[in-house]
Novice: 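Starting off with a structure, shown below.
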Amino acid sequence: MHPLTPKFPHLLHGGDYNPDQWLDRPDILEEDVRLMKEAHINCVSLGIFSWARLEPEEGRYDFDWLEAIIDRLYENGVYTVLATPSGAKPIWMSEKYPEIRRVRPDGRRDPSGGRHNHCYTSPVYREKVRQMDTALAQRFSHHPGVILWHLSNEYEGACYCPQCQAAFRRWLKEKYGTLDNLNHAWWSAFWSHTITDWEQIQAPVPQGEGSVFAQVLDWKRFVSHQATDFLRAERDAVKGVNPEIPVTTNFMYYYDGYDYWKMKDLVDVVSWDSYPQWRGGNNARLAADYALYHDIMRSMKKQPFLLMESAPSTTNWWPVSKLKKPGMHRMASLQAVAHGSNSVQYFQFRKSRGSFEKFHGAVVDHYGGTDTREFQDVAEVGRLLEKLDAVSRSQVRPQAAVLYDWENQWAMEDAQGPRNLGLHYKEQVLAHYQALWRLGVPMDVVDETCDLAGYKLVVAPMLYLLRAGFSQKLRDFVAGGGTLVGTYHTGIVDENDLCYLGGWPGDGLREVFGLWNEATDALWDQEENALCLEDGREYRLKDLCALIHPQGAQVLGTYGQDFYKGEPALTVHAYGKGQAYYVASFAEDGFYQDFYKKLAEELALERALPVELPEGVEACLREGDGRRYVFLQNFSGEPQKVALPAGYTLFGEDAPLAEVELAPYDSQVLETAAP
């Protein structure tokens with residue numbers, strides 16, 4: 001397996017470091033290096049918000065201070081993840097070139113200040129970024145201490161300026177070719193919205209057009225395209241100087257402004273920023289949620305990823321800045337590694353004295369000492385990562401995949417029906433994912449652009465929008481022997497948000513599932529129905545109930561209430577060499593647990609540990625170099641015991657164990673020989 005950072009092919013431990021805030025305190029900069037070594041930190045991210053220091057006035061670069069920092073860190077065994085500073089432009093630039101500031105949906109241009117309020121279309125800003133990125137690469141890309149480029153920071157947002165509007169029209173013209181094609185795709189004859197000239201097209205805004213849903217969907221695609229193109233320009237600038245240094249950019253938790261799957265091929269390494277709001281008691285559901293997102297990051301390139309930011313203690317922008325309880329820092333850090341991260345990194349190394357994040361947690365706080373619990377927690381993780389370094393050469397190899405698709409979500413959000421109180425797409429995906437997660441089944445999380453070959457099981461909840469060609473992938477997967485689990489609100493529209501004619505689910509999926517979805521009953525928040533199985537078990541249902549008619553499918557469960565009592569609510573259908581299940585409503589957690597436990601046994605899905613896991617305990621598996629590494633995290637808040645099969649030891653020890661004890665919020669790493 002090719003290492004993520006070839007110049008330093010190890011598990012990374014570090015975080016954002018902002019020495020430009022402390023250039024007037026050489027004593028602090030001197031102390032920082034000592035503290036990094038004591039915390040077992042081997043890398044830091046530099047220059048993320050340093051443009052004003054790097055270019056204090058137009059055309060005059062000052063990189064000497066940065067080079068001195070990089071040199072000193074490298075001499076002390078600390079490597080640099082060097083950022084391009086495009087995430088926060090200097091005020092002198094914002095004032096001199098107002099066109100680089102974003103325009104809001106209401107037409108107002110942003111004032112100077114803030115961050116990520118720049119226009120991705122602006123030729124002026126693109127040129128300024130290209131010049132800065134190229135200059136940084138020329139100065140530092142051959143430095144032995146620089147191991148990775150950190151492009152910008154948390155790309156986000158949209159601009160509605162005239163340049164972006166013109167670029168949107170050019171993008172649409174390239175996509176559709178003719179206005180006839182565009183009008184058909186947008187179904188613009190509705191409400192007499194037919195476009196007769198390309199110049200009539202504007203971005204959808206709250207005070208203007210927002211009801212042509214295909215237009216809204218295309219605008220979101222365009223915004224994602226512009227951000228992706230901006231990322232490409234930054235990548236090309238630094239790679240044009242030295243293509244050997246890999247690049248990354250830090251994605252965000254469930255950020256739906258851009259389709260990250262469009263960006264993944266432009267970076268060598270996927271990374272993201274993780275800030276779970278841990279609380280007292282059982283954190284299993286929150287842990288499953290973040291496990292799902294870790295798996296998205298790993299699945300994008302089918303390789304390990306990097307945890308670029310996490311909180312060493314509190315997070316100041318939460319509603320409540322809760323301290324981590326003992327064990328939580330190690331637990332959360334190892335969860336990331338367990339799901340495929342080759343790093344644990346923090347925001348931030350040293351707390352700022354002022355401004356927005358002065359109360360955000362840090363390895364070194366305002367006190368400045370090493371005897372805080374937070375510092376000692378970080379040092380413990382650093383020592384552990386050094387011992388676990390062989391894990392960096394291992395991977396997660398799932399036999400199951402869960403589908404979570406950005407464009408599908410965009411389309412559902414604007415559909416106006418069947419449930420405007422909330423369709424709960426993410427929650428439905430998590431319900432299926434969490435049931436398999438409880439069993440310790442490794443999973444990829446994929447979107448509709450992905451190849452499904454090699455999986456035994458694919459779970460595709462609420463597949464409302466079918467991108468061109470994806471239904472064929474599903475048909476081929478099932479026909480070839482795979483097991484598909486689909487749900488209500490599937491196969492409703494094509495990639496242009498046009499409803500399928502001839503019955504749902506459309507585009508050939510009726511034949512796969514062996515049924516016809518005649519209609520869908522939407523439930524109020526206080527309403528419930530029931531799923532009744534033949535053995536007498538019942539499960540609560542909510543949100544949406546699809547009224548389905550089997551056309552070859554076998555009925556496994558029926559509705560328990562309302563005018564459709566006794567009608568099918570759970571089916572399975574043989575298609576080719578495989579089978580397709582259809583779950584017609586949003587069930588309570590107990591159903592998914594029972595359903596997937598049985599299905600995992602039937603499909604012989606590999607599990608991290610082939611044992612019953614206690615409530616709230618996660619088991620994850622990484623494999624490599626002939627070894628299997630099992631990570632156990634106890635999110636339950638209570639002491640737990642896990643029985644072990646023969647041959648497992650604690651990592652680095654020789655004595656085999658029959659069971660392992662986990663304290664509240666504890667985590668342990670086991671290993672055994674690969675079969």
Novice: Does any N or O in the side chain of Lys597 come within less than 3.5 Å of the main-chain N or O of Leu436, such that one atom is a donor and the other an acceptor?
Specialist: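 Flag not set: sc Lys597 to bb Leu436 has no pair under 3.5 Å.
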Novice: Could you verify whether a donor N or O on one side chain and an acceptor N or O on the other, from Thr248 and Ser271, lie under 3.5 Å apart?
Specialist: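 On atom types as modelled, these side chains qualify, holding a pair under 3.5 Å.
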Novice: Which distance, rounded to the nearest 0.5 Å, do you find between the CD of Gln472 and the CG of Leu509?
Specialist: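 So the CD of Gln472 and the CG of Leu509 are separated by 10.0 Å.
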Novice: Distance only, no hydrogens: is a donor on one side chain within 3.5 Å (strictly under) of an acceptor on the other, for Asp543 and Tyr488?
Specialist: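 No - no donor-acceptor pair under 3.5 Å links their side chains.
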Novice: Quick one about Arg510 and Gln551 (side-chain donor to acceptor, distance below 3.5 Å, no hydrogens or angles considered), yes or no?
Specialist: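 A pair is found: one side chain offers a donor N or O, the other an acceptor, under 3.5 Å apart.
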Novice: Decide yes or no on side chain to side chain contact (heavy atoms under 4.5 Å, CB included) for Leu172 and Trp186, but give the supporting numbers first.
Specialist: CA-CA 11 Å; Leu172 290 169; Trp186 286 10; 3.8 Å; yes
Novice: Can you confirm whether the side chains of Gln633 and Gln335 place a donor and an acceptor under 3.5 Å from each other?
Specialist: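 No, no side-chain donor-acceptor pair sits under 3.5 Å.
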Novice: Does the salt bridge (Lys or Arg N to Asp or Glu O under 4.0 Å) test come out yes or no for Asp507 and Arg467, once each step is laid out?
Specialist: CA-CA 10 Å; Asp507 204 19; Arg467 301 202 210 182; over 6 Å; no
Novice: Check Arg540, Arg285, Lys542 against Asp589 for a salt bridge (charged side-chain N to carboxylate O under 4.0 Å, His left out) and give me the one that passes.
Specialist: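 Among the candidates, only Arg285 passes.
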Novice: Is a donor from one side chain sitting under 3.5 angstrom from an acceptor on the other, for Asp497 and Tyr464?
Specialist: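 Side-chain D/A pair, Asp497 to Tyr464: present.
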Novice: Please state whether the rings of Tyr260 and Trp406 are parallel, tilted or perpendicular, taking 30° and 60° as the class boundaries.
Specialist: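 Ring orientation of Tyr260 relative to Trp406: tilted.
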Novice: Please state whether the rings of His184 and Trp187 are parallel, tilted or perpendicular, taking 30° and 60° as the class boundaries.
Specialist: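 Answer is perpendicular, since the angle exceeds 60°.
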Novice: Hey, what's the ring geometry for Tyr258 with Tyr255, parallel, tilted or perpendicular (30° and 60° as the breaks)?
Specialist: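 If you compare the ring of Tyr258 with that of Tyr255, the planes turn out perpendicular.
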Novice: Is it the case that the side chains of Thr228 and Arg232 hold a donor-acceptor pair, with the cut-off being a distance below 3.5 Å and no angle test?
Specialist: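 Side-chain D/A pair, Arg232 to Thr228: absent.
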Novice: Between atom CD of Glu495 and atom CG of Leu466, what is the distance when rounded to the nearest 0.5 Å?
Specialist: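 Those atoms lie 10.0 Å apart.
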Novice: Are Arg221 and Asp218 ion-paired here, with the side-chain N under 4.0 Å from a carboxylate O?
Specialist: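 Result for this pair is yes, salt bridge flagged.
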Novice: Any side-chain donor paired with an acceptor under 3.5 Å for Asn634 and Ser636?
Specialist: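 Present: a donor and an acceptor within the cut-off.
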Novice: In terms of the angle between their ring planes, are His294 and His339 parallel, tilted or perpendicular, with boundaries placed at 30° and 60°?
Specialist: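 Parallel, since the angle between the ring planes stays under 30°.
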Novice: Say whether Asn183 and Ser188, considering side chains only, have a donor N or O and an acceptor N or O under 3.5 Å apart.
Specialist: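 Side-chain D/A pair, Asn183 to Ser188: present.
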Novice: Is the ring pair Trp437/Phe635 parallel, tilted or perpendicular, if the boundaries are 30 and 60 degrees?
Specialist: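 Tilted: the ring planes of Trp437 and Phe635 meet at 30° to 60°.
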Novice: How are the rings of Tyr539 and Phe591 set relative to one another: parallel (under 30°), tilted (30 to 60°) or perpendicular (over 60°)?
Specialist: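 Because their plane-to-plane angle is over 60°, the rings of Tyr539 and Phe591 count as perpendicular.
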Novice: Does a side chain donor of either Gln226 or Thr121 reach within less than 3.5 Å of an acceptor in the other side chain?
Specialist: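 Side-chain D/A pair, Gln226 to Thr121: present.
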Novice: Any side-chain to backbone donor/acceptor pair from Lys456 onto Ala604? Under 3.5 Å, distance only.
Specialist: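 Flag set: sc Lys456 to bb Ala604 pair under 3.5 Å.
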Novice: Does the Lys NZ or Arg CZ of Lys426 fall within the cation-pi geometry relative to Tyr404 - under 6.0 Å from the ring centre and within 45° of the axis?
Specialist: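 No, a cation-pi geometry is absent between Lys426 and Tyr404.
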